[in-house]
Number of protein chains: 2
Amino acid sequence: MGPMKKISSKTIGRALIYLRTLDGLAKQRWRYVSSGQLARMTGLTDVQIRKDISSFRKVGTPKVGYKIADLKRTLEDFVLQENVVHLVLFGVGNLGSAILKYPGFHQPKMKLVAAFDQSASKIGKVVNGVRIYSMENVPHVVHRTHGDIGIIAVPKESAQEAADLIVLAGLKGIVNFAPASVTVPKGVRVKDIDFTIEFLSLFCDVRT
Amino acid sequence: MGPMKKISSKTIGRALIYLRTLDGLAKQRWRYVSSGQLARMTGLTDVQIRKDISSFRKVGTPKVGYKIADLKRTLEDFVLQENVVHLVLFGVGNLGSAILKYPGFHQPKMKLVAAFDQSASKIGKVVNGVRIYSMENVPHVVHRTHGDIGIIAVPKESAQEAADLIVLAGLKGIVNFAPASVTVPKGVRVKDIDFTIEFLSLFCDVRT
DNA sequence: ATTATATCGTGAAATTAAGAACGATTGTTC
DNA sequence: GAACAATCGTTCTTAATTTCACGATATAAT
């Protein structure tokens, strides 16, 4: 257990998978789980799981495994601390509406707090507890709702525009669902999710 | 330009980004593009782009760059050959409905060809040109529609069940939108897309 | 023609991620 | 309480990916 190392984003991604799995096990009244069991449930290897967990400074007990409640608390503390993630959505079309309804974005730890759209007919409406605002009010609304991450769900022609608004409002993270790359200043992280690309690359893999 | 090397799935993923970018440029009547320009547009580095392109056996001309039409054709040939990807959807709830409407899945190269749901009220309906079938007909319908990849958009409790059906029908690729890991036999590739995890891991990154 | 310059292609180095091996620890059994 | 089995934590290896460095080539300018 060396000195505090930087934890890679891959490890953090897997930590969230462990957390998801542990939640399920806790619901089924499990008390302990071993790296081997987690490996079977997640499709990862036991070594990798042990390595990840040890990087979070959490120790299990040989022959028994990890105490689920403790491990869960450790991971939660590490990846979320006591923060809540606030999301703001740009574009309430087909995809945007689905995002508004997605139950994962209305949890205690992650909340969708505001939506923006250009169309006058949508502005002012409240969907699933989230109000739709005009694009003109972005900085003010983002500040008031403590937004953390912006979601781009506008047509690809407006994607850069939305990204600029997000940057202007001071947000440091963007998830971009539009099928177009956007450019942002250093210090802002963009995660692209282009379904077409995800599917095609899987297809290429499979076709081997 | 060594002997034919295996092309990694990372490279293929980026090739699809290049393709998307080239399409945009072609629409704007560009004829040539350099690796540096592509780098600025995609956020990748010029070296990586050149290396990727050279792995597809495509050569550019110094001082000029790549001829867009040629590069586009090369990439298309390589990643898609003349195939069309056929997707079949499991679960027509909120997310499933959004997927049915997503325009990216009704292109010449990628088509959503069938959907399945348990609810009798949905079976038989046609949404966006796609018929919704009963879960009992999976193998037959998948075979008839030449399905390639299965999409899991059912509640997490039924995710494994859907995965089993997909495997049974002989498909080799799964995109899993349910927030639960599924286990499949060797030879079947699963790509998990858990929005909650994507957002949280971005948040962890940003908070550094 | 010669020089200058932008761009390409690629082998080598560096970085990062994953996997294998193995001693150490804890609970169990007789 | 001694031997065994299951599981952990960690170091060392191996593999994959990215970045660096630099020579080669095509166009443009003088």
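As a basis for the values below, the full set of heavy atoms in this structure was taken, side chains included, without hydrogen atoms, waters or symmetry mates. A quick note: this is a predicted structure, and the numbers were derived from the prediction, not measured. We name chains A, B, ... by the order of the sequence lines, and we start the count at 1 in each one.
Between the CD1 atom of B/I49 and the P atom of C/dT7 there is a distance of 13 Å, given to the nearest Å. The distance from atom OH of A/Y32 to atom C1' of D/dC8 is 15 Å, rounded to the nearest whole Å. If you measure from atom NZ of A/K63 to atom P of C/dA24, you get 19 Å, rounded to the nearest angstrom. Whole-Å rounding puts the A/L38 CG to D/dT7 P distance at 12 Å. A/R40 has its CZ atom 12 Å from the C1' atom of D/dT7, to the nearest Å. As rounded to whole Å, 13 Å separates atom C1' of D/dC8 from atom CG of A/L71. Per the geometry, OH belonging to B/Y66 stands 15 Å off P belonging to D/dT27, to the nearest Å. For the pair B/Q48 CD and C/dG11 P, the computed distance is 17 Å after rounding to whole Å.
Put simply, the side chain of B/V127 does not reach to within 4.5 Å of the side chain of B/V92, judged on heavy atoms.
Within the structure, every side-chain polar atom (N or O) of B/S35 is placed at least 4.0 Å from both OP1 and OP2 of C/dT7. In this structure, B/S54 reaches the C/dT10 phosphate: one of its side-chain N or O atoms is under 4.0 Å from OP1 or OP2. The phosphate of D/dT18 has neither OP1 nor OP2 within less than 4.0 Å of any side-chain N or O from B/T45. Remark: A/T61 is not in phosphate contact with C/dT26, judged by side-chain N or O atoms under 4.0 Å from OP1 or OP2.
With hydrogens and angles left out, the side chain of B/K51 and the base of C/dG11 share a donor-acceptor pair within 3.5 Å.
As judged by a 4.0 angstrom heavy-atom cut-off over every strand, B/V64 is placed among residues touching the sugar-phosphate backbone only.
Out of D/dT25, D/dG9, C/dA17, the shortest distance to the side chain of B/P62 is found at D/dT25. Looking at the side chain of A/R50, the nearest of the listed nucleotides D/dG9, C/dA6, D/dA21 is D/dG9. Each of D/dT7, D/dG9, C/dA17 was ranked by its minimum atom distance to the side chain of A/S34; first place goes to D/dT7.
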A/D23/A/K27 under salt bridge (Lys or Arg N to Asp or Glu O under 4.0 Å): CA gap, chis, key distance, verdict: CA-CA 6 Å; A/D23 270 330; A/K27 282 218 184 72; 5.9 Å; no

side-chain hydrogen bond (donor to acceptor under 3.5 Å, both in side chains) between B/R20 and B/T42: does it pass, once the steps are laid out? CA-CA 10 Å; B/R20 186 177 79 176; B/T42 59; over 6 Å; no

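Toward the 5′ end of DNA chain C lies the nearest nucleotide of B/G36, the other residue of the pair B/G36 and A/V47 mapping further downstream.
No side-chain donor from either of A/D52 and A/Q48 sits under 3.5 Å from a side-chain acceptor of the other.
In this structure, A/D46 pairs ionically with A/R50, as a charged nitrogen and a carboxylate oxygen lie closer than 4.0 Å.
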